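A short worksheet on the structure shown next.
This is a predicted model, so every value here is computed, not measured. Proteins get letters first, then strands, A, B, ... in listed order; numbering begins at 1 in each.
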Amino acid sequence: MVPTTDKYNPHELEPKWQKYWDEIGLLEAKEGPGGTKKAYILVMFPYPSGDLHMGHLKNYTMGDALARFRTQQGYHVLHPFGWDAFGLPAENAALKFGVSPADWTFGNIQQSKESLGLMGIRYDWSREVTTCTPEYYRWNQWIFLKMYERGLVYRKKSLVNWDPVEQSVLANEQVIDGRGWRSGALVEKRELEQWYLKITDYAERLLTDLEKLPRWPEKVKAMQRAWIGKSQGAEFDFQVKGHEAKIRVFSTRPDTIFGATFMVLAPEHELVAQITTPQQKEAVEAYVSAAKMKSEVERQREDREKTGVFTGAYALNPANGKEIPVWIADYVLSGYGTGAIMAVPGQDERDWEFAEKFGLEIIRTVQPPEGWQGKAYTEDGPAINSDFLDGLYMEEAKKKVIAWMEEKGIGEGKVNYRLRDWLISRQRYWGTPIPMIHCERCGIVPVPYEQLPVELPTLRDVDDIRPKGKSPLAAHPEFYECECPKCGGKARRDTDTMDTFFDSSWYFLRYTDAQNPNQPFDPAKANFWMPVDQYIGGIEHAILHLLYSRFFTKFLHDLGLVEAEEPFEGLFTQGMVMGWTNVGQVELREGRIHFLDDARRSKLELPQGLTVEEAEKGGAELRQEGGQTYFWKPAVMSKSLGNGVMVGPFVKEQGADIARVTILFAAPPENEMVWTEEGVQGSWRFLNRVFRRVSEDRAELERVSEGLEPAALSGADRALYQKLHRTLKKVGEDIENLRFNTAVAALMELLNALYDYRKERAVSPVYRTAIRYYLQMLAPFAPHLAEELWHWLDQGRSVFQARWPEVDTAALVADSFELVVQVSGKVRGKATVPAEASEEEVKRIAREIENVKAWLEGKQVVKEIYVPGKLLNIVVKG
RNA sequence: GCCGGGGUGGCGGAAUGGUAGACGCUACGGACUUAAAAUCCGUUGGGGGAAACCUCGUGUGGGUUCGAGUCCCAUCCCCGGCACCA
C-alpha cells in the first residue's frame with residue numbers, strides 16, 4: 001500500500017479553494033435566453049447581527065449546497081444575499097454603545113460576510129442588497145407612491161397597537177398574544193392617525209392562490225388561511241326602536257335570525273352613545289371606559305367570563321318584528337365585521353353563555369338531534385320556530401333567507417375577512433422615510449417621483465435617535481421643512497418611517513437586478529429569474545414576511561412589472577440549531593433540583609423543584625464539575641445564552657466542510673438539531689475516510705484510465721458500478737428534495753463499498769469512475785475537500801464546472817436479487833436469484849431452502865404470491 | 001375547543017403496502033502502540049438457544065390484506081399554530 005504522505009488538512013485546503021471560486025466567478029448569476037434552465041435559490045436575508053454562530057448558518061448551508069448542486073447540473077443559478085438592515089436592533093445598539101446605526105450596521109455586515117466566506121458559502125455579491133441604503137429604499141418609496149396612486153395607501157385615525165418599549169405602533173401581524181413580536185412588551189391601545197396599506201383588497205387572491213403552492217408546507221398555508229380568515233354570511237340591518245339609526249350586523253348564520261333574541265354592540269361601536277337611554281347612561285359609560293382601559297391580554301384572558309351592560313334600547317328583529325334588547329359587551333370586537341352582532345343563543349355557544357348569565361331569552365331555531373343534552377346547538381339540522389325557513393337544513397335556509405333579505409332591502413350576502421389592513425407607520429428613526437408631504441392648503445401631497453429618494457438624515461447624537469413617543473425626525477426641521485410640490489408653499493414632510501417589513505417584501509425582486517439606478521428592477525430580468533424556485537427560512541415568518549411578500553408580488557404583477565403572481569414556488573422552513581447549554585449551578589434537595597442562579601433558568605422557562613427524572617425526560621443532564629453540580633440542556637443557539645458555536649473559531653479549529661456536513665447530516669433539515677461534539681467527530685471521521693481513500697490510491701488513480709464498457713463488467717466491478725449509479729440517483733433526488741441527511745448517508749454507504757472493493761481489488765477503470773463521481777456527489781456538502789481531491793484527478797477545471805453525471809438507468813436493474821421467501825407472511829428464508837429467473841424457477845429455488853422446506857412440511861399450499869424481483873409468499877394451511 | 005404535524009433501538013434517525021431499524025453517534029470487545037490519541041476489525045432492539053433458528057417488537061385497541069411502521073376506524077400522548085372573529 002502506498003504510504004500516506006498527504007494529510008487531510010482543512011486549514012490549508014479551504015482558503016485556497018475559496019479564493020479559487022471567487023477567481024473563476026463560480027456563483028456569478030447570468031441571465032440566459034428564455035427557456036434556459038434556471039434556479040433561483042434564496043435564503044431569508046438577516047439582520048446584520050455581526051458574528052455568526054452555527055444556528056445562523058444552517059439555512060445558508062442548505063442553500064449553498066442546493067445552489068452548488070444546480071450549478072453542477074448546468075442550471076443558471078441565482079444565489080444572492082443581502083441585509084435586512086433597517087430596524088430597531090441597529091437603533092438599540094446605537095443607544096447602548098453610542099455608535100451611529102449606520103456604522104453599527106455596516107460593521108456587522110462586514111463581520112457576517114467574513115463568517116459566511118469562512119464556511120465556503122458562496123453568493124453573487126455583485127447583487128448584494130442592503131435595505132438601509134438610499135439606492136435600495138428609494139424604491140420602497142417608489143412602490144409606496146405607486147400604491148398610493150392605485151388607492152392602496154390611505155391614512156386613518158383609529159385605535160392602534162402601541163408598543164411601549166419600542167415606542168412605536170405595530171401592525172396586527174406583529175402583535176402576538178397581546179405582546180410586541182420583538183420586544184415582548186404588553187401592547188397598549190392608542191388612537192393615532194397612521195398610514196395603512198390596503199392588503200385587504202388582495203385578501204381573496206392571497207387566499208385562493210395558496211392552492212397554487214404545492215411546494216409549501218401545509219402548516220404555513222394553514223396559518224395563512226387562518227390569518228386571512230374568510231367567512232361567508234350576510235350583512236343586514238336591525239332598526240333601533242324609536243331612532244333613525246339602524247344596527248348593521250354580520251352573521252355567518254343568517255338562517256338563525258328567528259332565534260335572535262338580543263343584540264350586542266362592541267363597546268367602541270359608534271351608536272352606543274346615541275341609543276343608550278338616560279337610565280342606563282351611567283352604567284354604559286362606566287363599562288365603555290373600563291373596556292378602553294383593559295389591555296388586549298386582559299380582554300383575551302383564559303377564564304374570560306362574559307360581561308356586558310344593557311343600553312336600555314331595543315331593536316326590531318326584521319324576521320319576526322320582535323323587540324329585542326340591545327346590549328354592549330366586550331366579547332364583540334369592534335374591528336371585525338360591523339362591530340355588532342345579532343345574538344342567537346340557541347345556536348351559538350358564546351351567546352348562550354351571555355344569555356344564561358343575564359337571563360335573556362333563548363329560542364332554538366335548529367332542531368338538535370334526539371337526546372341532545374348540550375346547550376347551544378351549532379351543527380346542522382332542520383330549522384324550527386323559523387316561519388318560512390322551517391324544515392330547511394342550514395345551506396338551504398341560508399340561501400333562502402339571504403334572498404329574502406335582498407328582496408326586502410334589509411341586507412345581502414357578504415364575505416368577511418379577518419385580515420386587516422397593514423399599518424406601516426413607525427415612530428422610529430432607522431427606517432425608510434414615508435414620501436408624503438402635509439400642506440396646510442393642499443392637504444396630503446405625495447413626493448414627486450423625481451424628488452426620490454427622500455433621504456434619511458444622518459443622526460449621530462444618541463439623544464437624536466432615542467425614542468420619545470413620536471418620530472425622532474419630528475425634532476429635525478432641516479428634515480421636515482419643505483416646499484409643497486403642488487402650491488410651492490411651506491409644508492411639512494411626514495416624519496414617520498416605514499415598517500421594515502416593507503423593505504423585505506420585495507428584496508427578492510431587487511436581487512434580479514440589484515444595481516439598477518432607474519427602476520426597482522428590469523422586468524425582463526425579473527421574469528428570467530422569478531419565481532424563486534426554493535426559498536429557505538424560519539417558520540417565524542409564516543404569516544408576517546411571507547404574506548406581505550405575496551401581497552407585494554401581486555401588486556407589482558398588477559403594475560406589469562413581473563409576470564409571477566407568487567414570489568416563492570417552493571418554501572422550506574428549517575428547524576433550529578440547538579447547543580448544549582449550561583443553565584447554571586443547582587442543588588439537589590430531597591431529589592428535587594433547585595437552581596442557584598435564575599437568569600438562564602427563567603429565560604428557558606425551567607421551573608424550580610424539578611425531579612431528576614423530569615429533567616432527564618426533558619433532555620437535560622446534570623454534570624459534575626469541580627465538586628459542583630450543573631444543569632445542562634440543549635437550547636436554541638443564541639447570543640443571549642452564549643451557547644452558540646461561533647463560526648470563526650470553529651472553522652479555525654476544525655474546518656468548514658466538517659461544520660457543513662455536521663449541520664446537514666445530523667437530522668432531517670426541517671427538524672431541530674442538537675449540535676454535539678460527537679456529531680462533529682463523526683463528520684471529521686467521514687471526511688477523513690474520504691480523504692484517505694483517495695489519498696492512498698492517488699498514484700494508481702493517476703495511472704488507470706476510465707475506458708469503461710458497463711455491459712462487459714462482471715463480479716465486483718459490476719456490483720460497484722451498480723451501487724454507484726443507485727447512489728447517484730438517490731443523492732440527486734435527495735438534494736432536490738432538501739433531504740441532505742439521507743444524501744450524506746448514501747455517500748457514507750458508497751464510501752464503505754469503495755473500501756470493501758479495495759480490500760480485494762486493485763484500482764480499476766470502474767473504481768476510478770466511482771471515485772470521480774463520488775467527488776462530484778460530495779461537492780455540494782464538502783466543497784473544499786471535493787475540489788481538492790477532484791484536482792488530483794482532473795487538473796483542468798473546477799468540480800463545479802464538470803457536469804453532474806447522468807444516471808445509467810440500465811445499471812439500476814440488478815442482475816440478481818435477494819429473494820425473500822415467506823411462508824404465510826413470515827420471512828422463512830432468503831436466496832440470491834438471477835434477475836431473469838422465471839416464476840417457476842423462483843418457486844423451485846424457494847422450496848429448496850432448508851428452513852422453508854421445514855415450514856412447508858406436512859402443510860397444504862393454499863396460494864402463492866410472487867412479487868417479481870422481491871418476494872415469494874407461500875400461504876399454507878394445516 | 002379547532003387546525004397542522006408527529007409517536008420506530010440508549011440517541012439522531014432510515015424504510016414506492018413486501019427482509020423494520022439504512023447511515024451515523026454512543027457503549028462494549030479486540031487489533032495496532034512503550035503508552036495514549038487517532039485508526040482499523042467485530043458486537044450492539046428485547047427474550048430464548050451451543051448453533052441452525054424460534055419468538056416478541058414501530059404509542060394503544062380494532063379492521064382491511066397473502067402480507068401493515070406504511071391504508072381504514074377508534075383512542076391516548078407529544079410538538080406547533082389559532083382561539084369570544086359572530
**Request:** Using a 4.0 Å heavy-atom cut-off across all strands, classify A:Pro217 as base, sugar-phosphate, or nothing.
**Result:** nothing
**Identity of whatever pairs with B:A36 - Watson-Crick or G-U, under 3.5 angstrom** = none
**Minimum-distance nucleotide to A:Lys870 side chain [options: B:G24, B:U16, B:G12]** = B:U16
**Message:** Please tell me if A:Asn873 has a side-chain N or O lying less than 4.0 Å from either OP1 or OP2 of B:U65.
**Reply:** no
**Residue among A:Asn873, A:Val827, A:Leu872, A:Val867 satisfying side chain to side chain contact (heavy atoms under 4.5 Å, CB included) with A:Val820** = A:Val827
**Asked** Is there a donor N/O on one and an acceptor N/O on the other, under 3.5 Å, for the side chain of A:Lys306 and the base of B:C84?
**Response** yes
**Prompt:** Base, sugar-phosphate, or nothing: which does A:Val875 touch, judged by heavy atoms less than 4.0 Å apart?
**Reply:** sugar-phosphate
**Fill in**
Rounded to whole Å, the CG-P distance (A:Asn671 to B:G13) equals 5 Å
**Asked** Mind checking who B:C23 pairs with, Watson-Crick or G-U wobble, both distances under 3.5 Å?
**Response** B:G12
**Asked** Glycosidic conformation of B:G17, syn or anti, with 90° from 0 as the boundary?
**Response** anti
**Request:** Scan A:Val820 against the nucleic acid and name what it touches under 4.0 Å (heavy atoms): base, sugar-phosphate only, or nothing.
**Result:** base
**Message:** Any donor-acceptor pair, under 3.5 Å, between the side chain of A:Lys826 and the base of B:U19, if you only look at N and O atoms?
**Reply:** no
**Message:** Less than 3.5 Å apart, any donor N or O on the side chain of A:Thr365 or A:Gln347 sitting next to an acceptor on the other?
**Reply:** yes
**Asked** Between B:C40, B:G13, B:C66, which nucleotide has the shortest distance from any of its atoms to the side chain of A:Ile865?
**Response** B:C66
**Request:** Mind calculating the distance between CD1 (A:Ile539) and C1' (B:G81) to the nearest angstrom?
**Result:** 9 Å
**Message:** Say we look at B:U33 and B:U19: how far apart would their C1' atoms be, to the nearest angstrom?
**Reply:** 42 Å
**Asked** Within 45° of the axis and under 6.0 Å from the centre of the six-membered ring of A:Tyr755, does NZ or CZ of A:Arg689 qualify?
**Response** yes
**Asked** B:G67 and B:A52: how far apart are their P atoms, nearest whole angstrom?
**Response** 29 Å
**Fill in**
Any strand, both distances under 3.5 Å, Watson-Crick or G-U wobble: B:U44 pairs with none
**Request:** Using whole Å, report how far CH2 of A:Trp580 lies from P of B:C25.
**Result:** 18 Å
**Asked** When all nucleic acid strands are considered with a 4.0 Å heavy-atom cut-off, which category describes A:Arg420: base, sugar-phosphate, or nothing?
**Response** base
**Asked** B:G12 C1' sits how many Å from A:Glu670 CD, rounded?
**Response** 13 Å
**Request:** For A:Lys219, answer base if it contacts any base atom (sugar-phosphate contacts may also be present), sugar-phosphate if it contacts only those atoms, and nothing otherwise; contact means non-hydrogen atoms under 4.0 Å.
**Result:** sugar-phosphate
**Message:** Side chain of A:Asn851, heavy atoms from C-beta onward: which of B:C41, B:C54, B:A22 has the nearest atom to it?
**Reply:** B:C54
**Item:** Distance test, side-chain N/O of A:Ser231 to OP1/OP2 of B:A86, below 4.0 Å
**Value:** yes
**Prompt:** With a non-hydrogen cut-off below 4.0 angstrom, is A:Ser683 in contact with a base, only sugar-phosphate, or nothing?
**Reply:** nothing
**Asked** Which of parallel (below 30°), tilted (30 to 60°) and perpendicular (above 60°) describes A:Phe354 and A:Phe262?
**Response** parallel
**Item:** side-chain N/O A:Tyr331 vs B:A86 OP1/OP2, d < 4.0 Å
**Value:** no
**Request:** Measure up the A:Phe358 and A:Trp327 rings against each other and bin them: parallel (under 30°), tilted (30 to 60°), perpendicular (over 60°).
**Result:** tilted
**Fill in**
Sorted by position of nearest nucleotide on RNA chain B, 5' first, the leading residue of A:Ala222 and A:Gln822 is A:Ala222
**Residue matched to B:C2 through Watson-Crick or wobble contacts both under 3.5 angstrom** = B:G81
**Prompt:** Could you give the CD1-to-P distance, from A:Ile543 to B:G80, as a whole number of Å?
**Reply:** 16 Å
**Request:** Taking A:Arg364 for its side chain and A:Ile362 for its backbone only, find out whether a donor-acceptor pair lies under 3.5 Å.
**Result:** no
**Item:** Span that lies between the C1' atom of B:G21 and that of B:C56, in whole angstrom
**Value:** 15 Å
**Prompt:** Which part of the nucleic acid, if any, lies within contact of A:Phe686, taking any heavy atom under 4.0 Å across all strands shown: a base, the sugar-phosphate backbone alone, or nothing?
**Reply:** nothing
**Item:** Donor-acceptor side-chain pairing of A:Glu353 and A:Tyr331 below 3.5 angstrom
**Value:** no
**Message:** For the P atoms, the ones on B:C25 and on B:C41, what distance do you get once it is rounded to whole angstrom?
**Reply:** 12 Å
**Prompt:** Taking OP1 and OP2 of B:C25, is either one under 4.0 Å from a side-chain nitrogen or oxygen of A:Arg685?
**Reply:** yes
**Message:** If the cut-off is 4.0 Å, is A:Arg828 near the phosphate of B:U55, judged by side-chain N/O to OP1 or OP2?
**Reply:** yes
**A:Glu818, nearest nucleotide to its side chain (from B:U19, B:C23, B:A86)** = B:U19
**Request:** Please tell me which of A:Asn741 and A:Arg418 maps to the more 5' nucleotide of RNA chain B, matching each residue to the nucleotide holding its nearest heavy atom.
**Result:** A:Asn741
**Request:** Report the distance from atom CE of A:Met673 to atom P of B:C23, rounded to the nearest whole Å.
**Result:** 21 Å
Side chains of residues 663-676 of chain A: which donor-acceptor partners sit under 3.5 Å, not counting sequence neighbours?
residue, atom, partner, partner atom, Å
A:Thr676, OG1, A:Gly679, N, 3.0

**Request:** Considering just the side-chain nitrogens and oxygens of A:Trp855, establish if one lies under 4.0 Å of OP1 or OP2 belonging to B:C54.
**Result:** yes
**Request:** Please confirm whether any donor atom in the side chain of A:Glu678 sits under 3.5 Å from an acceptor in the base of B:G24, or the reverse.
**Result:** no
**Prompt:** For A:Met748 and B:G13, what is the distance between atoms CE and P respectively, to the nearest whole Å?
**Reply:** 15 Å
**Prompt:** With a 4.0 Å cut-off, would you call A:Lys830 and A:Glu818 a salt bridge?
**Reply:** no
**Message:** Counting the atoms with a prime plus P, OP1 and OP2 as sugar-phosphate, which does A:Ala226 contact under 4.0 Å by heavy atoms, base, sugar-phosphate, or nothing?
**Reply:** nothing
**Request:** Would you please confirm or rule out a distance under 4.0 Å between OP1 or OP2 of B:A86 and any side-chain N or O of A:Asn416?
**Result:** no
**Request:** Nearest whole angstrom, please: distance from the P of B:G18 to the CZ of A:Phe817.
**Result:** 16 Å
